[in-house]
Amino acid sequence: MDPSHQSRICISLCEPTVAALERAIAAAAKVCDLFEVRLDCLEPLELETGTASLTKLLEQSACKSILTFRPSQEGGRRTLDDATRQTFWSDAIFSSSFFDVELDLAEKFLTSETSPSLPIDWSRTICSHHDFVGVPDRLDQIYSRMSRTPARVLKIAVQAKDALDCLPVFQLLERAREDGREMIAIAMGVAGVATRILGPSRGSFLTYASLDTETPTAPGQLSVSELTDVYQLEKLDRHTQIFGLVGSPVSHSLSPFIHNAAFAATGTNAAYVPFETRDIPEFIKRMIHPRTRELDWRLRGLSVTAPHKFAVMEQLDWIEPAARHIGAVNTIVVEGETLQGFNTDATGFIKPLVQVFGDLRDARCAVIGAGGAASAALWSFKEAGSKATLFARDSAKASALAERFGSDWMPLEAAHFEGFDVVVNATPLGTLGQFETETPATASQLRGARLVYDLVYNPAETKFLREAREARCSTLDGLVMLVAQAAEQFKLWTGAAPPESVMYEAGERGLKRR
Ligand code: NAP
């Protein structure tokens, strides 16, 4: 690997034995040019007796390395008192490109008259602080204390509970840039994933990754292949346009696979990242709206998912009429100083259906469910001139929604779909996890229907689709809608033609990885 190349991804290795570490280093060297060895993960006897082999391993590796000996209060695997930590670094004989020493210990080395000064080179030292509980109020103070050490790189890792916690982390990177300091800043946890993806392009010295999805060493850590293949991390820079998915939860989503593949295929310098937040008004105000956001970034648009599709409408400057009728926004476009809202679920729903069914005028269509996706389906059927009937478990919701779109409604229990041209599942029944073994209708209920359309896309083969095939209905799965609505978003955001087959294949790949 090119030694002058700035390493942006560091694979963190946490292994119990030197032999396992040797295998992990060999695997890491194939995909990355920097790895971190978490010495606190080694069993105590391995560390004591394995020093010589470990030194040899590090010397022989063509990759740069970081050594850490993390105490449990900073996320390490061992309970280590200060004396043990001090002695460890004083005696350390390993050769490594970098040494990661926690701030409290670095300060002790710098101020203590009795203990020996840090025997390692400050120009190869990363001075770090980890908070696994949240984002400390005194983040600025921690940064100031770190900046007073002569360490080459400063590192702060905090625990994000909401995407809003990414804000102080990105701001820290800005501050370090202005101060001319090299810095690693990370918000750990699912809600902090944006900092792991966008960190290097916003000045972070590196971002950490696991070797594979099975071996993350910190909460929210992505694998090296997710960072390189899905997010194309090496291509991101300060000019990268940022798009994202906002909702709660978002980690199950296939949209990052689909949109990032579309950007890569069209040579668009853009990244699409997940933002998990419960507080949509604050998130839009502080991170997104061009008039109020506290971050200087090229954020250009968002997909919106549950539970925010309705609540987000309050935060927007303009909403297209169709989205108003449907009562939900799933797409935001940043246009100048304004936020504009759209609904691409409706087009994404109807387009693939028309492709397989043909003209839907006067078709008898059933929609199961009474939420946001059901609204988009009912609106689309109305626009297409179909006769729709809503089936839902909650009669109050069903009658209110049916009335809005001039449809009939019926209770879901004991429903029978014989004679219907199209039957749509707009409930989460069948989704991987808690609902996987459930279906909104059985084969005997579906017998006599023509086409069954499941909006659930994960797994690809749901119980509802299996029941439909048993009833000899033709079928359409949820991935076609997901990709079609994403293609509409791509058009709104870029003005370019979406590479739909690339997007579909990326969705399929995403499904296999989930
Ligand atoms: P939502 O607003 O939460 O609505 C879900 C609906 O399902 C509600 O009416 C709910 O009934 C009903 N439901 C939940 N559990 C049920 C059960 N056990 N029996 C009967 N009904 C039940 O969600 P949404 O946004 O409409 O999404 C619905 C599904 O469509 C989700 O799985 C989502 O992933 C999928 N979807 C797919 C795409 C795509 O592109 N393929 C796009 C959008 C949505 P209550 O109102 O009584 O709670």
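Remember, it's 1-based here, ligands and their atoms both numbered in the order they're listed. Only this structure's heavy atoms are used, side chains among them; waters, hydrogens and symmetry mates stay out. Computed from a predicted structure; not experimentally measured.
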Please report which non-hydrogen protein atom sits nearest to atom 10 (C) of ligand 1, along with the residue it belongs to and the distance in Å to one decimal place.
-> Arg393 NH2, 4.2 Å
Measure from atom 43 (C) of ligand 1 to every heavy atom in His252, Gln485, Lys309 and give the option owning the shortest one.
-> Lys309
What protein heavy atom sits nearest atom 4 (O) of ligand 1, and how far off is it?
-> Gly371 CA, 3.3 Å
Is there a donor-acceptor pair closer than 3.5 Å between any side-chain N or O of Trp409 and the backbone N or O of Lys397?
-> no
Which residue and heavy atom of the protein sit nearest atom 34 (O) of ligand 1, plus the separation = Tyr457 CE2, 4.4 Å
Ring-face cation of Arg202 near Phe170 (centre distance under 6.0 Å, axis angle within 45°) = yes
For Asp394, atoms of ligand 1 separated by under 4.0 Å from a heavy atom | 47 (O)
Would you mind checking which non-hydrogen protein atom is closest to atom 9 (O) of ligand 1, with the distance to 0.1 Å?
-> Ala370 N, 2.8 Å
Sub-4.0 Å atoms of ligand 1 with respect to non-hydrogen atoms of Leu412 | 20 (C)
Heavy atom under 4.0 Å from ligand 1: found in Asn425's side chain, backbone, both, or neither?
-> neither
Is the SG of Cys32 found under 2.5 Å away from the SG of Cys10?
-> no
Start with the C-alpha gap between Phe275 and Phe283, add the side-chain angles, then the distance that decides, and say whether ring-ring contact (aromatic ring centres under 6.0 Å, His included) holds.
-> CA-CA 9 Å; Phe275 296 107; Phe283 176 76; 5.4 Å; yes
When only distance counts, is Leu455 in polar contact with ligand 1, meaning an N/O pair under 3.5 Å?
-> yes
Can you figure out which of Val456, Leu482, Leu429 has its heavy atom closest to atom 40 (O) of ligand 1?
-> Leu482
Please state which protein non-hydrogen atom is closest to atom 31 (C) of ligand 1 and give its distance, to 0.1 Å?
-> Pro428 CA, 4.1 Å
For Phe243, is the NZ or CZ atom of Arg300 found under 6.0 angstrom from the centre of its six-membered ring and inside 45 degrees of the ring axis?
-> no
If you have a sec, work out which protein heavy atom is nearest atom 23 (O) of ligand 1 and how many Å separate them, to one decimal?
-> Gly372 N, 4.6 Å
Just wondering, do Phe391 and Pro440 contact through their side chains at under 4.5 Å, heavy atoms?
-> no
Decide if the gap between the ring center of Phe349 and the ring center of Phe381 is smaller than 6.0 angstrom.
-> yes
Is Lys397 in polar range of ligand 1, meaning some N or O pair under 3.5 Å apart?
-> yes
Protein non-hydrogen atom below 4.0 angstrom of atom 21 (N) of ligand 1 present | yes
Side chain, backbone, both or neither: Ala426 near ligand 1, heavy atoms under 4.0 Å = backbone
Ring centres of Phe342 and Trp318 under 6.0 Å apart?
-> yes
Ranked by distance from atom 42 (C) of ligand 1, the top protein heavy atom is Met481 CE, 3.4 Å
Kindly determine whether Leu476 and Asp454 satisfy side chain to side chain contact (heavy atoms under 4.5 Å, CB included), including the steps that lead there.
-> CA-CA 6 Å; Leu476 199 54; Asp454 199 346; over 6 Å; no
Got the closest protein heavy atom to atom 27 (O) of ligand 1, with its distance?
-> Ala373 CB, 3.9 Å
Heavy-atom donor-acceptor pair, Ser253 side chain to Val250 backbone, under 3.5 Å | no
Measure from the ring center of Phe357 to the ring center of Tyr453 and say whether it is less than 6.0 Å.
-> no
